Amino acid sequence: MYYLCSLITVIEMEKLVEKNIVDAMAELYGHDIDVADVQIQPTRKEFEGDITLVVFPLLRYSGKSPEDTAGELGNYIINSNPGIISYNVIKGFLNMKVSHAAWLDEFISLWADRAVSRFDSSQGKTILIEYSSPNTNKPLHLGHIRNNLLGFSLARILSACGHRVYKTNIVNDRGIHICKSMLAWQLFGEGKTPSDTGMKGDHFVGKYYVEFEKAYKKEISELMSEGLSAGEASGRSELMAGARQMLRKWEAGDSDTVELWKRMNGWVYEGFDLTYEALGVDFDRIYYESDTYKPGREIVMEGLEKGIFYRKEDGSVWVNLASDSLDEKLLLRADGTAVYITQDLGTAVQRYKDFKFDRQYYVVGNEQNYHFQVLKLILEKLGYEWAGGIHHFSYGMVNLPEGKMKSREGKVVDADDLIDTMIITAREMSDELGKLHDYGDEEKSKIHRKIGMAALKYFILKVDPRKNMMFNPRESIDFNGRTGPFIQYTYARIRSLMRLAEEKGYTVEDIDSDVIINEKETELVKLLRQYKDVVSEAAALLNPSVIANYAYDLAREFNQFYHDYTILGEKVPELRNFRIALSEYTGKIICSSMNLLGIEMPDRM
RNA sequence: GGUUCAGUAGCUCAGUUGGAUAGAGCAACGGCCUUCUAAGCCGUAGGUCGCAGGUUCGAAUCCUGCCUGAAUCACCA
């Protein structure tokens with residue numbers, strides 16, 4: 001019956017070894033142990049072998065030294081399991097080598113499963129992902145890029161795992177900030193529009209926001225030079241008064257103000273759409289704060305009636321969260337106007353009505369941890385049973401070498417500028433290498449765009465989302481090494497191989513089961529078989545970087561393989577077929593992984 | 001001050017459920033293009049895993065204390 005072992009994959013082999021160990025413990029030491037006590041793990045690369053047993057937990061049953069126990073267990077296994085061809089013992093670790101046949105079968109079973117990302121969707125949940133969440137008074141910056149990439153990738157990953165995922169965006173389209181831009185445009189804009197000036201709409205409106213701040217600063221310093229304190233000066237500022245006046249008029253529904261507001265926001269949206277398109281992100285449903293702040297107010301009033309909230313003497317409405325070791329929190333101002341959290345309450349309730357989600361993830365920076373803690377608590381207090389399903393996906397800040405980004409001080413890395421720079425750099429590098437000489441300009445620029453965006457996206461997504469990250473505009477983004485373009489390059493090589501294979505008429509239908517596979521090939525198969533686990537882990541941890549780092553490891557392993565072995569030139573057809581299949585499958589997995597990050601792969605570069 | 005998070009090579013980052021000699025890339029130095037794409041491959045060098053205790057056969061990982069940094073504790077969003 002031993003010949004059957006050639007049909008056993010490595011996964012099955014691991015299970016078999018587990019069972020062998022349980023048997024061995026009973027037979028050698030007379031102890032019945034639980035399978036959970038058997039610690040099997042992949043052997044580290046530095047050591048010889050494929051699977052490793054950690055024997056330390058078993059010592060109390062064997063009563064012998066780690067080395068002796070491992071040796072005796074190794075002996076038992078090699079005699080009872082012909083799929084294990086050798087073993088070695090280092091300290092308390094028993095490294096076992098799995099037969100080539102098992103590794104080959106492992107790959108053949110992967111290869112047979114042509115649908116790479118076939119996940120069980122029967123347990124799929126309805127998941128809402130809110131991300132992006134821009135303000136409409138200025139263009140997107142690097143921080144938004146991290147947000148957008150994380151949100152989009154998260155949606156892809158959860159979706160790949162069989163969930164029903166909806167991407168949403170809440171646009172912060174109302175408030176004093178947009179009024180500042182509106183007022184500045186009225187004062188200094190001379191009736192110009194983005195199309196008059198050739199500017200992108202969001203940059204155009206952002207320009208007036210900056211002009212407002214400049215003029216306001218000037219006004220304040222003039223007032224202060226007349227002897228007023230900073231507080232008095234801001235109180236006397238005509239510009240600020242004008243902006244506030246505008247906000248009141250907007251809330252009152254003044255038609256001219258609303259008209260201007262619509263017009264300027266429209267410009268901004270046109271600009272945002274271009275940036276979103278360049279980033280390759282999209283949304284299933286967009287919410288606007290101007291629609292949700294009023295329902296939010298009603299929710300607060302309901303809570304007030306139910307006695308969950310309370311009113312202070314000045315008429316403002318509060319919630320006391322002291323019992324949850326938090327502070328009291330304002331929900332409505334004395335004049336009845338909404339604050340930040342008011343509209344978030346409205347949005348959350350509206351979204352549940354719209355989607356009946358099981359879970360909702362808010363992709364928002366970690367500076368708002370407190371806010372989302374409060375939001376969830378309040379929703380729970382209000383008795384919404386779905387509140388338990390909301391979760392703040394909190395990501396770290398993007399820091400610049402000079403410190404934190406401050407949009408008001410112009411210390412930002414503009415999203416559009418950065419994207420352009422990336423694509424231009426990709427083009428320069430590509431032209432220098434000259435590999436696309438036979439391509440037309442349009443085809444070339446498509447590829448340059450893919451490469452530039454891959455560099456940017458990978459740079460951001462490879463780091464753990466929770467951590468703050470450093471971005472040095474000059475040095476950070478690279479096209480060599482652990483980068484998106486490197487992975488794309490590996491993929492392009494594989495595609496090139498496949499084209500050549502096709503030209504030569506090599507088609508792989510079946511892989512010969514007599515092939516003896518070597519170390520490098522085994523290493524590749526080891527990585528390939530982890531794909532689904534990696535995606536599941538990324539989904540469970542809500543961490544795209546798990547996939548980013550996996551994709552790099554895979555690409556690197558393939559490059560080594562590519563360098564060391566002939567793939568197409570092999571004289572033995574069985575081996576050639578196997579290597580073509582291995583290459584093609586590796587390409588597929590690399591491509592799938594990168595697509596989960598929202599990174600497009602070029603066939604050539 | 002309270003809360004939360006972080007601290008790993010000169011720099012940017014990985015490091016699985018606690019497991020072996022802590023890994024990549026960049027920067028530096030030295031090799032590889034007559035061979036399926038050199039955006040590559042190989043090698044050299046680089047570490048008191050913030051510090052000190054504790055738990056454990058075993059700690060970068062878990063616990064406690066301290067040091068440093070970030071965010072937050074708004075009638076801003």
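None of these values were measured; they are calculated from a predicted model. Order of the sequence lines fixes the chain letters, A, B, ..., with proteins taken first and strands second; residue numbering starts at 1 for each chain.
- Among the atoms of the strands shown, only primed sugar atoms or phosphate atoms (P, OP1, OP2) are found under 4.0 Å from some heavy atom of A:M469.
- Counting any heavy atom pair closer than 4.0 Å across all strands shown, A:E289 reaches sugar-phosphate atoms only and no base atom.
- For residues 486-496 of chain A, proximity to RNA chain B is found at A:F486, A:Y489, A:A492, A:R493, A:S496, defined as any non-hydrogen atom under 4.0 angstrom from a strand atom.
- Residue A:T337 is out of contact with every strand shown, counting any heavy-atom pair closer than 4.0 Å.
- If you check every strand for non-hydrogen atoms under 4.0 Å, A:L332 touches nothing.
- Classified by its glycosidic torsion, B:C33 falls in the syn category, the angle being within 90° of 0.
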query: When every nucleotide of nucleotides 14-21 of chain B is labelled 5' to 3' by its protein contacts under 4.0 Å (heavy atoms), B for base, S for sugar-phosphate only, - for none, what sequence of letters results?
result: S----BBB
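- At the heavy-atom level, A:R604 lies under 4.0 Å from base atoms of the strands shown.
- Counting only distance, with no hydrogens or angles, the side chain of A:Y458 and the backbone of A:A548 share a donor-acceptor pair below 3.5 Å.
- For A:R244 and B:C76, the CZ to P distance is 9 Å, given to the nearest whole Å.
- Judged by distance alone, the side chain of A:S496 and the main-chain N or O of A:A492 form no donor-acceptor pair under 3.5 Å.
- One can place CD1 of A:I477 at 14 Å from C1' of B:G25, the figure rounded to the nearest angstrom.
- Nearest nucleotide to the side chain of A:Y370, out of B:C41, B:C36, B:C73: B:C73.
- Distances were taken from every side-chain heavy atom of A:M470 (C-beta onward) to each of B:U12, B:C75, B:C41; the shortest belongs to B:U12.
- Other residues, nucleotides and ligands place no more than 12 heavy atoms under 6.0 Å from the CZ atom of A:R449.
- At a threshold of 4.0 angstrom between heavy atoms, the contacts of A:L59 with the nucleic acid are absent.
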message: The test is ring pair (Phe, Tyr, Trp, His ring centres under 6.0 Å); show your working for A:Y209 and A:H177 and say whether it passes.
response: CA-CA 8 Å; A:Y209 181 73; A:H177 51 85; 7.5 Å; no
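- Geometrically, A:K312 engages A:W318 in a cation-pi contact defined by less than 6.0 Å to the ring centre and at most 45° from the axis.
- One finds a side-chain N or O of A:Q560 lying less than 4.0 angstrom from the OP1 or OP2 phosphate oxygen of B:C42.
- If you measure from atom NE2 of A:H177 to atom P of B:C76, you get 12 Å, rounded to the nearest angstrom.
- Neither OP1 nor OP2 of B:C36 sits under 4.0 Å from any side-chain N or O of A:Y562.
- Between the side chain of A:D335 and the base of B:C75, no donor-acceptor pair of N or O atoms lies under 3.5 Å.
- Atom CD of A:E600 is surrounded by 12 or fewer heavy atoms from other residues, nucleotides or ligands within 6.0 Å.
- For B:C76, one of the phosphate oxygens OP1 or OP2 lies less than 4.0 angstrom from a side-chain nitrogen or oxygen of A:R333.
- Without hydrogens or angle criteria, A:T425 side chain to A:T421 main chain gives a donor-acceptor distance under 3.5 Å.
- In this structure, B:U44 forms a base pair with B:A28, meeting either the Watson-Crick or the G-U wobble geometry with both donor-acceptor distances under 3.5 Å.
- For A:R576 and A:Y506, the positive end sits near the middle of the six-membered ring, less than 6.0 Å away and at most 45° from its axis.
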